[in-house]
Q: 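Attaching a single structure in structure tokens format; questions to follow.
Chain letters run A, B, ... following the sequence lines, proteins first, then strands; residues in each count from 1. Owing to the predicted nature of the structure, the values given are computational and were not obtained by experimental measurement.
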Protein chains: 2
Amino acid sequence: MSPARSASVAVLGATGLVGREMIRRLERRGFPIGRLLPLASRRDGRSVRYSGESIPVEAATPERLADVDLVLSSAGGEVSRALLPDAAARGAICVDNTSAFRLRPDVPLVVPEVNGHRLDGLRIGGEGAIVANPNCSTIQLVLAVAPLHERATVRRIVVSTYQSISGAGARAVESFREASRDHLDDASADSGSDALAFDVRPDIGGVAADGDSVEERKMILETPKILDAEVAVDATCVRVPVVRGHAESVWIETAEPLSPEEARATLSRAPGVRLADGGSGAVTPRGVEGTDPVHVGRIRGSRVAGRALQLWVVADNLLKGAALNAVQIAERIVGVAPEGREIDVATERCVG
Amino acid sequence: MSPARSASVAVLGATGLVGREMIRRLERRGFPIGRLLPLASRRDGRSVRYSGESIPVEAATPERLADVDLVLSSAGGEVSRALLPDAAARGAICVDNTSAFRLRPDVPLVVPEVNGHRLDGLRIGGEGAIVANPNCSTIQLVLAVAPLHERATVRRIVVSTYQSISGAGARAVESFREASRDHLDDASADSGSDALAFDVRPDIGGVAADGDSVEERKMILETPKILDAEVAVDATCVRVPVVRGHAESVWIETAEPLSPEEARATLSRAPGVRLADGGSGAVTPRGVEGTDPVHVGRIRGSRVAGRALQLWVVADNLLKGAALNAVQIAERIVGVAPEGREIDVATERCVG
């Protein structure tokens with residue numbers, strides 16, 4: 001266990017929805033920052049608030065990243081591909097929130113509570129590396145399923161998602177609000193198919209020739225990489241007219257028997273998970289906005305298979321689904337969350 | 001094959017979302033009506049338009065139903081329970097859109113394209129009877145799955161729904177619009193959990209002690225009654241902030257092999273189904289508003305089972321999910337759609 005030392009930290013995409021949450025989480029969780037460098041794909045005169053100061057956002061260039069310990073990147077795959085390999089070669093640990101490197105065999109894809117051991121050996125001041133933050137919908141799925149997998153060996157997952165607009169970024173949220181307002185004023189107004197006012201769409205990121213959408217492909221391929229190569233996933237990813245928070249209807253089949261009661265007991269002790277066992281367990285995206293854990297409710301048995309369970313899984317996609325998970329990875333690397341001890345997200349006070 | 005004769009038709013719940021669509025469909029489809037009686041649970045001074053006339057809505061009483069040939073009922077389970085048994089005893093055929101009688105073994109539960117033979121022998125002027133119209137989410141599920149079941153024997157269904165607010169009635173739509181507007185004006189405003197502005201809820205009708213919601217229970221029990229007692233269903237029913245149109249993410253496992261291409265070919269010939277095969281197949285609820293068929297797109301194979309398929313199923317819940325299906329049942333009974341010939345919904349022009 002190495003003591004924490006202050007790090008110089010670049011946040012790439014600092015003015016985006018996820019970047020802003022990253023900076024807030026770094027501050028609120030007392031991350032040991034020596035110097036914060038908020039960067040964006042181009043300089044646009046904006047600044048960010050950190051620790052009572054206003055820090056101007058600069059353009060991300062290889063030079064700006066030259067002497068940085070840690071890069072948290074959320075400015076799109078293109079920017080990550082252009083900048084992170086070089087930064088890593090110069091010794092920075094790069095936690096990448098885009099899909100650019102997630103499936104590369106040499107890049108760890110990490111949810112700290114699930115496979116944090118993949119970070120063992122990484123430290124600032126040592127060799128540089130790229131670590132990938134999984135897709136938002138994958139993170140909340142594996143966090144809920146991993147404890148059940150450990151207990152009863154999950155073989156099959158069938159998941160249908162209810163994903164909010166904020167997963168598509170700040171501009172998408174703006175267009176969505178505008179289109180929703182237009183639609184309320186005049187239901188016959190067509191605000192363009194992208195804006196999704198009062199509609200649901202099952203083609204997030206576009207549908208590929210093999211039939212899966214880009215978003216579904218992420219869940220299908222990332223989940224086994226994090227959880228277990230033997231786990232098979234059928235996913236239907238759907239954008240819904242919700243601003244923030246993703247929900248998932250999850251069906252799992254296990255190799256060993258696992259009752260809903262046993263699943264509930266297992267999840268009640270799982271790090272990063274909060275059991276939504278008040279009332280019906282029907283937790284909702286708006287209800288968990290701003291909270292850290294992955295909320296699991298409506299744990300039911302199955303009529304179609306002897307060893308199957310149904311779960312309802314909800315999380316704030318900008319926090320555990322993105323910024324928080326990236327900051328947790330960074331914490332383990334600098335030694336704030338020492339190796340071998342899981343970060344107890346479940347007992348944290350809800351914020352925001 | 002009996003020739004159509006004009007019927008005296010009562011529409012119970014004539015001012016509700018479904019009742020209004022029933023009257024519109026009866027008129028547009030040229031249903032042979034001798035006399036139309038629009039009724040509501042109580043008289044409130046409203047009238048309905050039918051065939052260029054304005055007909056005052058009267059209070060539903062046993063006396064008003066005394067000499068009616070056909071009752072289309074959509075005024076809630078309590079009203080149906082109070083009035084239909086008596087009307088049927090007096091000789092009326094009652095097509096009930098509530099859940100009051102659906103699971104009674106002596107009551108046919110009918111989607112005409114799937115099990116229209118259950119109506120054989122029923123006719124106006126003969127013995128009275130109650131026929132149940134299935135739940136909206138069940139209708140679109142069985143219409144899409146039945147042709148695949150016939151071809152390859154469906155054993156298991158795992159379905160997650162995306163159900164619109166109009167399924168909860170006209171007042172729910174009004175509150176929803178209001179709450180959505182409030183939320184756009186002030187995101188921190190809490191408009192009450194029932195209004196569901198920009199949120200999704202997985203507890204339609206409330207969650208029972210055994211863990212299933214009332215809506216899920218309908219799909220779980222109605223589907224085998226219509227399709228095949230051997231078919232098992234796991235359902236998660238979710239209300240989404242969409243005004244009209246339900247979508248379903250459907251996963252099926254079959255006893256015999258069935259490729260996505262074979263499924264597509266089978267569904268392209270299925271009555272009442274329209275294949276959404278343009279582009280990505282990502283049909284949406286708003287996109288099908290006002291249309292009659294059940295739209296099926298995104299037909300994919302499975303990674304989790306050798307004999308499984310995934311479908312995306314969308315329909316107008318007020319039309320095929322409610323009013324249209326009830327009118328189709330009535331058509332078969334009066335002989336507009338003669339026994340033995342399926343109503344070719346698929347080739348109908350989209351209306352509205």
Q: Spell out the residues in residues 140-154 of chain B that have some non-hydrogen atom less than 4.5 Å away from a non-hydrogen atom of chain A, in order of number; otherwise answer 'none'.
A: none
Q: Between atom OG of Ser164(B) and atom CZ of Phe198(A), what is the distance when rounded to the nearest 0.5 Å?
A: 12.5 Å
Q: Is Ala305(B) in contact with chain A via its backbone, its side chain, both, or neither, using a 4.5 Å heavy-atom distance?
A: both
Q: Among the options Val231(B), Val243(B), Val240(B), Val200(B), pick out the one with the most heavy-atom pairs lying under 4.5 Å from chain A.
A: Val200(B)
Q: Give a yes or no on whether the backbone of Leu184(B) and the side-chain of Arg177(A) come within a donor-acceptor separation of less than 3.5 Å.
A: no
Q: Are Glu216(B) and Arg298(A) ion-paired here, with the side-chain N under 4.0 Å from a carboxylate O?
A: yes
Q: So does Ile220(A) get a backbone contact from the side chain of Arg303(B), meaning a donor-acceptor N/O pair under 3.5 Å?
A: no
Q: Given side-chain contact (heavy atoms from CB on, under 4.5 Å), test Arg286(A) with Leu196(B) step by step and report yes or no.
A: CA-CA 9 Å; Arg286(A) 267 187 68 190; Leu196(B) 198 87; over 6 Å; no
Q: Enter the distance from Arg201(B):CZ to Trp312(A):CH2 here, rounded to the nearest 0.5 Å.
A: 10.5 Å
Q: When heavy-atom pairs shorter than 4.5 Å are enumerated against chain B, which of Thr236(A), Ile157(A), Val314(A) gives the highest number?
A: Thr236(A)
Q: Any sub-3.5 Å donor-acceptor pair from Asp203(B)'s side-chain atoms to Ala282(A)'s backbone N or O?
A: no
Q: Locate the shortest heavy-atom distance separating Val238(A) from Tyr162(B); write the atom from each residue and the value.
A: CG2-OH, 3.4 Å
Q: Is it true that Asp199(B) and Arg244(A) have a side-chain N and a carboxylate O under 4.0 angstrom from each other?
A: no
Q: I'd like to verify something: which residue of Pro285(B), Gly245(B), Gly206(B) has the highest number of heavy-atom pairs under 4.5 Å with chain A?
A: Pro285(B)
Q: Contact part of Ser213(B) toward chain A, heavy-atom cut-off under 4.5 Å: side chain, backbone, both or neither?
A: both
Q: Using the salt bridge (charged side-chain N to carboxylate O under 4.0 Å, His left out) definition, which of the options Asp212(B), Asp210(B), Asp234(B) pairs with Arg300(A)?
A: Asp212(B)
Q: Top residue by heavy-atom pair count (under 4.5 Å) with chain B, among Val233(A), Val304(A), Val158(A), Val207(A)?
A: Val304(A)
Q: Identify which of Ala232(B), Pro202(B), Ser249(B), Ser160(B) forms the greatest number of heavy-atom pairs closer than 4.5 Å to chain A.
A: Pro202(B)
Q: Show the nearest heavy-atom pair for residues Trp251(B) and Arg156(A), with the distance to one decimal.
A: CH2-NH1, 4.5 Å
